[in-house]
Amino acid sequence: MSAKPVLEVRNLFKHFPMRQSMLDMLRRRQAEVVCAVDGVSFSLEKGEVLALVGESGCGKTTIVRTLIGLEEATSGEILFKGQEVESQNQNEKNKISLKQLRQRVQIVFQDPYESLDPRATIFDIVSEPLVVHGMAANRDELHARVKMSLEEAGLRPAEDYLLRYPHELSGGQRQRVVIAAAMVLEPELLLADEPVSMLDVSIRAEILNLLNALRRSRGISILFITHDLGTVGHFANHLAVMYLGRIVEIGPTAEVLKNPQHPYTRALLSVVPVPNPKLRRKMIILSGETPNPINLPNGCRFHPRCPLAMDECKLNDQHLVDVGNKHQAACLLAQ
Ligand code: SF4
């Protein structure tokens, strides 16, 4: 029997009702709803990286927050190694609790400046998860595990960092501390939410290489959230492109990059810089703004901006269809 995926998300919806004015309530107007995540499904195998790519506001971060219980799903299922995850504030038998989940799933946030307590030393920051989860038998073990995690994150020798404060480190070093604090609990899944977007271009590759090395040495799975299709090529095994709360294209990274089927994926790819000018694609600039998620367009939700839109696109909503090689796309023209 094959092993269960580390993470499985099935038909996940997360809608946020808007606050109503008194007048709306008196008129018994229904509250408007923001469709942040609108029927998303994917799975992630052990030791693999799945990149979720899309513009800001497409629902990527809401997915991450829902996965670890910071938001309650409107509907849908989240399974960790085949076991369903309990809902917020509920103790449900036969489901993995949020406390257990938060030990086995860790997050690396976008902003290393914000995610570190400026008054805590690096030792305090990296040891805190071990203390909270009671995972070190004594002070010596605590020290040993903190040092090992810092060194694995590339902060060597660890002794030089233990008593320093976040403001004494560079942006790249701070993100390494965030990664060390995430890895100290030996998680099975890492949710990396735009982990390099706040860093200088020169150190982005270093941090991605570090995550890749940890994936190989620890066998962890990574859900990599990014708005930049240029960072996924050498890093992610699978790629899912999101637009307005939905996955519009998904498949093995090499296959999707070589043979993009959705016009939105093609537009994102067209602006990725390539070193070889002969391989440069014609730039596709999308017109208009992303539609309001409170008032989604009828038919294909990409049609107001799609350079290939036809009359038919305004009539029928598009769902993912197989296009071969484990590749799916949600477009009438997908082959
Ligand atoms: Fe564009 Fe039509 Fe395909 Fe939607 S279905 S992406 S509007 S061509």
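Just so you know, ligand 1 is whichever comes first in the structure, and atom 1 is the first atom listed for that ligand.
Other residues, nucleotides and ligands place more than 12 heavy atoms under 6.0 Å from the CD atom of Glu141. The number of heavy atoms from other shown groups lying within 6.0 Å of CG (Asn292) is above 12. Other residues, nucleotides and ligands contribute over 12 non-hydrogen atoms within 6.0 Å of the CD atom of Glu255.
Closer than 2.8 Å to atom 2 (Fe) of ligand 1 sit the protein N, O or S atoms Cys313 SG.
Applying the salt bridge (charged side-chain N to carboxylate O under 4.0 Å, His left out) rule to Lys14 yields no partners; only residues at least two apart in sequence or on another chain are considered.
Between Arg218 and Glu152, some side-chain heavy-atom pair lies under the 4.5 Å cut-off.
Numbered from 1 in the order shown, with element, the atoms of ligand 1 that lie under 4.0 Å from a heavy atom of His262 read 6 (S).
A donor-acceptor contact shorter than 3.5 Å links the side chain of Glu249 to the backbone of Gln261.
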